[in-house]
Trainee: 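Before I ask anything, here is the structure I am working with.
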Amino acid sequence: MRTPQLALLQVFLLMFPDGVRPQPSSSPSGAVPTSLDLQPGMDGGTLQSSSEATATRPAVPGISTVVPTLVTPSAPGNKTVDLFPVLPICVCDLTPGACDINCCCDRDCYLLHPRTVFSFCLPGSVRSSSWVCVDNSLIFRSNSPFPSSVFMDSNGIRQFCVHVNNSKLNYFQKLQKVNATNFQALAAEFGGESFTSTFQTQSPPSFYRAGDPILTYFPKWSVISLLRQPAGVGAAGLCAESNPAGFLESKSTTCTRFFKNLASSCTLDSALNAASYYNFTVLKVPRGMTDPQNMEFQVPVILTSQANAPLLAGNTCQNVVSQVTYEIETNGTFGIQKVSVSLGQTNLTIEPGASLQQHFILHFRAFQQSTAASITSPRSGNPGYIVGKPLLALTGDVSYSMTLLQSQGNGSCSVNRHEVQFGVNAISGCKLRLKKADCSHLQQEIYQTLHGRPRPQHVAIFGNADPAQKGGWTRILNRHCNISAISCISCCLIPVSLEIQVLWAYVGLLSNPQAHVSGVRFLYQCQSIRDSQQVTEVSLTTIVNFVDITQKPEPPRGQPKMDWKLPFDFFFPFRVAFSRGVSSQKCSVSPILILCLLLLGVLNLETT
């Protein structure tokens, strides 16, 4: 079946003179692209300058498709043209209703050109460039509506390439590797000064970039400052006030404050006063600092919870701020549109060495999103799980992250718990202080401590499971202790260990596998105690094991070999020719030899 194609290829090559035949594209390692660009509608001899790019070698010579692996910002392949890409699933969109940093295909970012806000685009969030190349000598004039460039391969042959706008291309591109051979070239192109001089006066940017500090304005004092998110520093976790909040960086921090004289700090320390967390406005965009009094650039901070001023009542400091939660709504390059804050307050007893632990939460979401979308828990993958992301659990219609035990400094069980991370085996333990209660209440308390509150009932099969779609969740199997195996009548069987077994596997294409959960089982181990024993505490343990049950397909086999079958009378002309005399053999030997050589050449081409 392939013989006619080879014959046509030989005839096609014979039609071109030497030096005009189509050449294969160059490899990325040895290619040196030329700084020439053939624009649509321009003659082949009139070339204009363009950015450099490197193209990969195609599998078949002639007309081929190549993928540039290095493109400068001026190249057409490095621009995001589509506002919403054609890929049905954005793999890095892990937070519904919010803009994920450096995820250039996230619809919630509302960015026409994501690279203006993000420092880079995550792999899989931008379209891989596709180039169709032929020998440049074959092109006299280009009428292509697509961007075109001329590349130079390692042999010094120019390749004319057209950037094809193919919507069926996937969004997965191979990242360029940095090694000793290309380090100097990349350093010369992307390198620069490590630090920027502080004496350079630059005008403020027109919009926030991801990670930029958020500007605030205090109208009472006409002072521009930054939105702070105190964070813990050192072993004691002391509050560092200078930690700025980053734009689009949703995170939570916890720190501790120690007071030498809480009686005086109760009403004087601004960190304890609720008003200090909302008595300012937020600048919508950085350029608002040129005219901060302009109300167009100011966004007020809306208080959504009850907040009272600190009050010293006897031996107690009341209404002390213990938690601050900011909800910030953004609209791409249009900046911050809405800011709200909710506060949690508590009371502190005035005593020597008094301390307070504060929690600061910052959450970004897209502007004008529905309430249901804003409270949806973050995804752990889209669609498949990402290693290190939380394992999603479901109880009723509420989804949350599965957790395991966490101990305090003295080894006792803490109210806070560790998240179960997908693909990460873990073990944790703590000591639970028991209260006087009957056996059933004691068992219930320990069970709740082991698996957490509420008790997980289902686990998400994929990382983007919707709580409303029950088919995307699998039920957790439980194996409790066997009560009938105990011969002691006056004994109480209490659980002391929980092992969480998670079976998972990769599904889908080998080029883009997606991790999903096949099943989850809770295995409890118990020990018996006598009712007469005065047990004050019990050691609890939680173990998490992830088991990979992926069944990989068989490796692809080679191409089928041609099974040549000749007709039964194929050699009849040869026998007739050799059966004749010497005179007739002289006349027929030449064409017979040519025919045999031709058959051998075809057979060699097919086998190679």
Trainee: Counting distance only, does the side-chain N/O of Asn425 pair as donor-acceptor with the main-chain N or O of Phe546 below 3.5 Å?
Mentor: yes

Trainee: Tell me if a side-chain donor or acceptor on Ser250 pairs with a main-chain N or O of Phe364 at a distance below 3.5 Å.
Mentor: yes

Trainee: Run the side-chain hydrogen bond (donor to acceptor under 3.5 Å, both in side chains) test against Ser305 and tell me which residues pass, sequence neighbours left out.
Mentor: none

Trainee: How close do Cys99 and Phe118 get, counting heavy atoms only, and between which atoms?
Mentor: SG-CZ, 3.7 Å

Trainee: Decide yes or no on side-chain contact (heavy atoms from CB on, under 4.5 Å) for Cys526 and Leu493, but give the supporting numbers first.
Mentor: CA-CA 6 Å; Cys526 302; Leu493 191 65; 3.7 Å; yes

Trainee: Give the minimum heavy-atom separation between Leu122 and Ile101, together with the two atoms involved.
Mentor: CD1-O, 3.9 Å

Trainee: For the pair Cys105/Cys90, is the SG to SG distance below 2.5 Å?
Mentor: yes

Trainee: Tell me, with the steps shown, if Ile328 and Val299 meet side-chain contact (heavy atoms from CB on, under 4.5 Å).
Mentor: CA-CA 10 Å; Ile328 302 178; Val299 179; over 6 Å; no

Trainee: Look only at the side chain of Ser428 and the backbone of Gln406, and say whether a donor-acceptor pair between them is shorter than 3.5 Å.
Mentor: no

Trainee: Between Asn308 (side chain only) and Asn319 (backbone N and O only), is there a donor and an acceptor less than 3.5 Å apart?
Mentor: no

Trainee: Pairing donors with acceptors under 3.5 angstrom, does anything connect the side chains of Glu329 and Asn331?
Mentor: no

Trainee: Under the rule for salt bridge (Lys or Arg N to Asp or Glu O under 4.0 Å), what residues qualify as partners of Glu499, not counting sequence neighbours?
Mentor: none

Trainee: For residues 454-468, dump all side-chain donor-acceptor pairs below 3.5 Å to protein atoms at least two apart in sequence or in another chain.
Mentor:
{"unit_1": "Arg455", "atom_1": "NH2", "unit_2": "Asn478", "atom_2": "OD1", "d": "3.3"}
{"unit_1": "Arg455", "atom_1": "NH2", "unit_2": "His480", "atom_2": "NE2", "d": "3.3"}
{"unit_1": "Asn464", "atom_1": "ND2", "unit_2": "Asn382", "atom_2": "OD1", "d": "2.9"}
{"unit_1": "Asp466", "atom_1": "OD1", "unit_2": "Ala468", "atom_2": "N", "d": "3.2"}

Trainee: side-chain contact (heavy atoms from CB on, under 4.5 Å) for Asn102 and Ser119? Distances and angles first, verdict last.
Mentor: CA-CA 7 Å; Asn102 299 325; Ser119 57; 3.9 Å; yes

Trainee: Taking the side chain as every heavy atom from C-beta outward, state whether Leu391 and Val544 have any pair of such atoms under 4.5 Å apart.
Mentor: no

Trainee: Hey, could you give me the NE2/CD1 distance between His451 and Ile446, rounded to the nearest 0.5 Å?
Mentor: 11.0 Å

Trainee: Please identify which of these residues, Thr330, Ile302, Val301, Val282, meets the side chain to side chain contact (heavy atoms under 4.5 Å, CB included) condition with Lys338.
Mentor: Ile302

Trainee: Quick one: are Val339 and Val341 in side-chain contact, heavy atoms under 4.5 Å?
Mentor: no

Trainee: Would you confirm whether Ser401, through its side chain, and Glu419, through its main-chain N or O, come within 3.5 Å as a donor-acceptor pair?
Mentor: no

Trainee: Does atom CD (Glu351) have a neighbourhood of more than 12 heavy atoms from anything else shown, all under 6.0 Å?
Mentor: yes

Trainee: Within a reach of under 6.0 Å around CZ of Phe218, are more than 12 heavy atoms found that belong to other residues, nucleotides or ligands?
Mentor: yes

Trainee: Output, in order, the C-alpha distance, side-chain angles, deciding distance and verdict of side-chain contact (heavy atoms from CB on, under 4.5 Å) for Leu215 and Leu226.
Mentor: CA-CA 5 Å; Leu215 300 175; Leu226 300 177; 3.4 Å; yes

Trainee: Spell out, as yes or no, whether a donor-acceptor pair under 3.5 Å connects the side chain of Thr281 to the backbone of Tyr217.
Mentor: yes

Trainee: What's the shortest heavy-atom distance between Cys481 and Tyr447, and which atoms?
Mentor: N-OH, 4.4 Å

Trainee: Closest approach of Gly314 and Ile350, non-hydrogen atoms and distance?
Mentor: O-CD1, 4.2 Å

Trainee: Would you find a donor on one side and an acceptor on the other, under 3.5 Å apart, between the side chain of Ser225 and the backbone of Thr216?
Mentor: no

Trainee: Can you list everything that forms a salt bridge (Lys or Arg N to Asp or Glu O under 4.0 Å) with Arg257? Sequence neighbours excluded, please.
Mentor: Glu241

Trainee: Classify the ring geometry of Phe247 against Tyr208: parallel below 30°, tilted from 30° to 60°, perpendicular beyond 60°.
Mentor: parallel

Trainee: Is the backbone N or O of Gln318 less than 3.5 Å from a side-chain atom of Thr316, with the two atoms forming a donor-acceptor pair by type?
Mentor: no

Trainee: Sulfur to sulfur, is the gap between Cys103 and Cys121 shorter than 2.5 Å?
Mentor: no

Trainee: Between side-chain atoms of residues 228-240 and protein atoms elsewhere (two or more places apart, or another chain), which donor-acceptor pairs fall under 3.5 Å?
Mentor:
{"unit_1": "Arg228", "atom_1": "NH1", "unit_2": "Ser242", "atom_2": "O", "d": "3.3"}
{"unit_1": "Gln229", "atom_1": "NE2", "unit_2": "Lys251", "atom_2": "O", "d": "3.0"}
{"unit_1": "Gln229", "atom_1": "NE2", "unit_2": "Phe360", "atom_2": "O", "d": "3.4"}

Trainee: Check salt bridge (Lys or Arg N to Asp or Glu O under 4.0 Å) between Asp269 and all other residues, then give those that pass, not counting sequence neighbours.
Mentor: none

Trainee: Give a yes or no on whether Leu510 atom CG has more than 12 heavy-atom contacts from other residues, nucleotides or ligands under 6.0 Å away.
Mentor: no

Trainee: Within this structure, what is the CD1-CD distance for the pair Ile494 and Gln444, rounded to the nearest 0.5 Å?
Mentor: 14.5 Å

Trainee: I would like to know whether His359 and Thr254 meet side-chain hydrogen bond (donor to acceptor under 3.5 Å, both in side chains); could you show each step before the answer?
Mentor: CA-CA 5 Å; His359 304 275; Thr254 302; 3.0 Å; yes

Trainee: Using atom types as modelled and distance alone, determine if a side-chain donor or acceptor of Asn179 lies under 3.5 Å from a backbone N or O of Asn182.
Mentor: yes

Trainee: Under the disulfide bond (SG atoms under 2.5 Å apart) definition, can you give me all pairs with a residue in residues 382-427, not counting sequence neighbours?
Mentor: Cys413-Cys430

Trainee: Over 60° means perpendicular and under 30° means parallel, so classify the ring planes of Tyr524 and Phe522, tilted if in between.
Mentor: perpendicular

Trainee: Enumerate the salt bridge (charged side-chain N to carboxylate O under 4.0 Å, His left out) contacts for residues 397-418, please, sequence neighbours excluded, ordered by first and then second residue.
Mentor: Asp397-Lys470

Trainee: Pairs in or reaching into residues 311-334: which pass ring pair (Phe, Tyr, Trp, His ring centres under 6.0 Å), with residues at least two apart or in two chains?
Mentor: none

Trainee: Would Cys109 and Cys104 count as a disulfide bond (SG atoms under 2.5 Å apart) if you check the C-alpha gap in whole Å, the side-chain angles of each, and the deciding distance to 0.1 Å?
Mentor: CA-CA 8 Å; Cys109 297; Cys104 294; over 6 Å; no

Trainee: Taking Gln448's backbone N and O only, do any of them form a donor-acceptor pair with Arg453's side chain (distance below 3.5 Å, no angle check)?
Mentor: no

Trainee: With sequence neighbours excluded, tell me which residues meet side-chain hydrogen bond (donor to acceptor under 3.5 Å, both in side chains) with Asn279.
Mentor: none

Trainee: For Thr550, what residues pass the side chain to side chain contact (heavy atoms under 4.5 Å, CB included) criterion, not counting sequence neighbours?
Mentor: Ala505, Tyr506, Asp548, Lys552

Trainee: Ignoring hydrogens, what is the shortest heavy-atom contact between Ala271 and Tyr277? Give both atom names and the distance.
Mentor: O-OH, 2.7 Å

Trainee: At their closest point, which heavy atom of Pro495 faces which heavy atom of Leu450, and how far apart are they?
Mentor: CB-CD1, 3.8 Å

Trainee: Mind checking side chain to side chain contact (heavy atoms under 4.5 Å, CB included) for Ser497 and listing every partner two or more places apart, or none if nothing turns up?
Mentor: Gln525, Thr541

Trainee: Between CD1 of Ile500 and CD1 of Ile476, what distance do you get to the nearest 0.5 Å?
Mentor: 8.0 Å

Trainee: May I have the step-by-step check of disulfide bond (SG atoms under 2.5 Å apart) for Cys266 and Cys317, ending in yes or no?
Mentor: CA-CA 6 Å; Cys266 180; Cys317 181; 1.9 Å; yes

